[in-house]
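Just so it is clear, the structure is predicted and the values come from calculations on it, not from any experiment.
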Amino acid sequence: MFMKKGKRLLALFLTLVLALSTVSLTGCGSGSASEGKTFVYAMGSSWDTLFPYGGSAEDYGRSTWEYMYGTFALIDNSDEILDYMVIPSESKAAADGKSITFKVNTAMKWSDGEAYTANDWLYTFKTMTDPSVVCTMKNYFNIFKGVDANGNLESGASISDAITVDGDTLTVYLDDATNVDSFLYTYNNFFFVMPEHKLKDIAPAEIPNSDYWNNPITTGPFVLESEIAGSQLTFKRNTYFPLWDDYSNIEKFVIKVVGTDVMIEGIASGEISYVMSTLSANDCAEAVELDGVSGEPMEEATMIVFMAINNQTISDSRVRRALDLALNRDYMCSQIMGGHAFAVNTFERSKYLNKDIKAEYNLKKAKELLDAAAADGKFDYSKPIQAGIVSGFREQIASVLKNDLASIGVTLNITTGDATTINGKMQDSGAYDVCLVGGGMTADPTWPMNALLNPAVSNYSQIKDSKYYDMCLKINSEQDETKRAELVNEFQKVMYEDAPYVFVFTMESWKLYSSSLEFESGSSSGTFTGTMPRFWTCKIKN
């Protein structure tokens, strides 16, 4: 329990000072209004590379890269697609949906002052599809024409099969039809532009491990100043970023890896400005009772917790469905999450929701499915199910599941650790049979298709069959809205019956930040929107 409002958390003060001692808080909460301030952003786990197509700490890597490198667009909490490296309103798909022409936003510049152009995207595509480039996330390029499943340009293909440039526009060519919105909702966070003028003299094979990434230039609001590997990144304002104006006094930005146990205390003491959403909604709701802590829930839940099930070690859908039925979601939502979570058994939060799919807790039915699978030699009661669980509220969820499984004769062995380690092992090698994963979801009905369902990508459930991915492609190629909704409903039904993943609950999503922040619009809604705060719309009070 948290101490009541007005009391400082003295018992944890020394822990907090130690955890945050390496943060340079230049001007934070002190000095004149004209002094530059430092915005400190706390994450529960670390990135593992600044190369935006590598590493295994995918969620934490992206949370770092988004402050530095340019994706196609910004997407806010209301799922509005906003201008960034391209101008969506001036971009359009071809009539057959198999190519999209994007208008480049020429207001953007590189942090060294050089012009950003469509040729930077051409360079990025050409480099990343070069067969000599080896890295974990080049697979995402496999959606483009002339590129194979591993993200390599096919033999006999030219880069012009995948992308062409004409002045301030770039056109990407796709294997499957889609539209501009679907493309951006689904793929926006997978592609980061790289600077041709800085990297063109480096051999493609050397790009992922180049020393360049120790001091990269950026197109985002900040540029790297220093790094303490796995612990802290310190940035200074990118003066070429066009959205800065006279309002904000934020001159420096620090990403600090901090234990979730001291995040709230860090905000209360003024040492942290904002935290990544690794805290439960229940913790956040209690935290705002503390002096110095502000926050509010977002209008709609954008975070979901799901069980990734290793489809190679648990290959029978009856066993996966039994795990689904053994989840006491109502108890988890009310008791563990304090009523700030909502039971689900599908992945939609939009108009496409299939209301016929209901979350069900039924241990008797789960036992019947396991008995049937065991009779066919597809399940062995004597062999424990291995679970990789990220420390925190997911440990409590796993404990409830463990007790329920034990009541029907199944042993669940739990290994705990930080998100980077547990999730990374599940993605890379399928180190566990099951893993509880938390992540964001968008309004696009096929948001799971790449990170979760693409067999060419290191997905959590080790899915090798393209069945689900192909269903997503079919949905994205359908232009008729009624038919599209029908396809989405069928997709949800198949996902429910096969249970390659089991969706547990959505969480009330919170913005939790320091009361020292002041917002240009008078509310936090214009700053904490989407994944990257709009720093230029807030300031730190004296």
Does I357 form a side-chain contact (heavy atoms from CB on, under 4.5 Å) with M495? I'd like the steps, not just the answer. CA-CA 10 Å; I357 297 176; M495 288 283 287; over 6 Å; no
side-chain contact (heavy atoms from CB on, under 4.5 Å), that's the test. Do M426 and N310 meet it? Break it down for me. CA-CA 8 Å; M426 189 67 175; N310 189 329; 4.2 Å; yes
Is there a side-chain hydrogen bond (donor to acceptor under 3.5 Å, both in side chains) between S391 and T416 once you walk through the steps? CA-CA 6 Å; S391 300; T416 60; 4.5 Å; no
Intermediate values then yes/no, side-chain contact (heavy atoms from CB on, under 4.5 Å), V502 and V434: CA-CA 10 Å; V502 169; V434 298; over 6 Å; no
Full working for side-chain contact (heavy atoms from CB on, under 4.5 Å) between L184 and F102: CA-CA 11 Å; L184 291 176; F102 291 104; 4.1 Å; yes
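Among F503, Y352, F505, the one residue that satisfies the ring pair (Phe, Tyr, Trp, His ring centres under 6.0 Å) test with F347 is F503. When the options W121, W110, Y240 are evaluated for a side-chain hydrogen bond (donor to acceptor under 3.5 Å, both in side chains) with Y116, the one that passes is W121. Considering F144, Y53, Y173 as possible partners of F125, the one that fulfils the ring pair (Phe, Tyr, Trp, His ring centres under 6.0 Å) test is F144. Remark: of the listed residues W536, Y67, F535, F535 is the sole one forming a ring pair (Phe, Tyr, Trp, His ring centres under 6.0 Å) with F222.
A donor-acceptor contact shorter than 3.5 Å links the side chain of K138 to the backbone of M128. With hydrogens and angles disregarded, a donor-acceptor distance shorter than 3.5 Å links the side chain of Y69 to the backbone of L50. A donor-acceptor distance shorter than 3.5 angstrom exists from the side chain of N311 to the backbone of I309, with no hydrogens or angles considered. Listed for the R329 side chain is a donor-acceptor partner under 3.5 Å among the backbone atoms of V344. N188 contributes a side-chain N or O that, together with a main-chain N or O of F72, makes up a donor-acceptor pair within less than 3.5 Å. At distances below 3.5 Å, not a single donor-acceptor pair connects side-chain atoms of E227 with backbone N or O atoms of T234. Checked by atom type and distance alone, the side chain of D418 pairs as donor or acceptor with a backbone atom of T420 at under 3.5 Å. The backbone N or O of K145 sits nowhere less than 3.5 Å from a side-chain atom of E154 that would complete a donor-acceptor pair. With hydrogens and angles disregarded, a donor-acceptor distance shorter than 3.5 Å links the side chain of N238 to the backbone of G220. With S231 contributing its side chain and I228 its backbone, the two residues share no donor-acceptor pair below 3.5 Å.
Contact of the L233 side chain with the T64 side chain is registered, since non-hydrogen atoms from C-beta on lie closer than 4.5 Å. Between M43 and I255, some side-chain heavy-atom pair lies under the 4.5 Å cut-off. At a threshold of 4.5 Å between non-hydrogen side-chain atoms, the residues N345 and Y496 count as touching. A heavy-atom distance below 4.5 Å is found between the side chains of I463 and L453. When side chains are defined from C-beta on, Y185 does not count as touching W447, because their heavy atoms never get closer than 4.5 Å. The shortest side-chain heavy-atom distance between R394 and I422 does not fall under the 4.5 Å cut-off. Looking at heavy atoms from C-beta onward, L452 lies out of side-chain contact with Y468 at the 4.5 angstrom threshold. The side-chain heavy atoms of Y513 and T527, taken from C-beta on, include no pair separated by under 4.5 Å.
Counting non-hydrogen atoms of other residues, nucleotides and ligands closer than 6.0 Å to CG of D480 gives a total above 12. A 6.0 Å sphere centred on CG of D211 holds no more than 12 heavy atoms belonging to other residues, nucleotides or ligands.
In this structure, CZ in F141 is found 12.5 Å from OH in Y187, a value given to the nearest 0.5 Å. Put simply, OG1 on T186 and CG on N476 are 5.0 Å apart, with the number rounded to the nearest 0.5 Å. The distance from atom CG of D120 to atom OG1 of T219, rounded to the nearest 0.5 Å, is 9.0 Å. One finds the CG atom of D470 at 9.0 Å from the CE atom of M449 (value rounded to the nearest 0.5 Å). Here the CG atom belonging to L487 is positioned 9.5 Å from the NZ atom belonging to K483, to the nearest 0.5 angstrom. The CG atom of D498 sits 3.5 Å away from atom NZ of K467, with the distance rounded to the nearest 0.5 Å.
Closest non-hydrogen pair, A107 versus P242, comes out as O-CG, 3.5 Å. Scanning all heavy atoms of the two residues, the minimum distance from G167 to V165 falls at O-CG1, 4.0 Å. Scanning both residues, F51 and C135, for their nearest heavy atoms gives CE2-CB, 3.8 Å. For the residue pair P88 and A73, the shortest heavy atom distance occurs at CG-CB, 4.1 Å. Between T171 and T101, the closest heavy-atom pair is OG1-OG1, 2.8 Å. Closest approach of A456 to A149, counting heavy atoms only: CB-O, 3.0 Å.
Relative orientation of the Y460 and F306 rings is perpendicular, given thresholds of 30° and 60° on the angle between their planes.
Under the salt bridge (Lys or Arg N to Asp or Glu O under 4.0 Å) criterion, no residue pair touches residues 87-103, with sequence neighbours excluded.
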Can you give the donor-acceptor pairs under 3.5 Å from side chains of residues 193-202 to other protein atoms, not counting sequence neighbours?
residue, atom, partner, partner atom, Å
H197, NE2, D112, OD2, 2.8

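By the side-chain hydrogen bond (donor to acceptor under 3.5 Å, both in side chains) test, E478 pairs with no residue at all, sequence neighbours left out.
Under the 6.0 Å distance and 45° angle rule, R320 does not count as a cation-pi partner of Y501.
Checking T169 against D166 by side-chain atom types alone, no donor-acceptor pair falls below 3.5 Å. A donor-acceptor pair shorter than 3.5 Å can be found between the side chains of T313 and D433.
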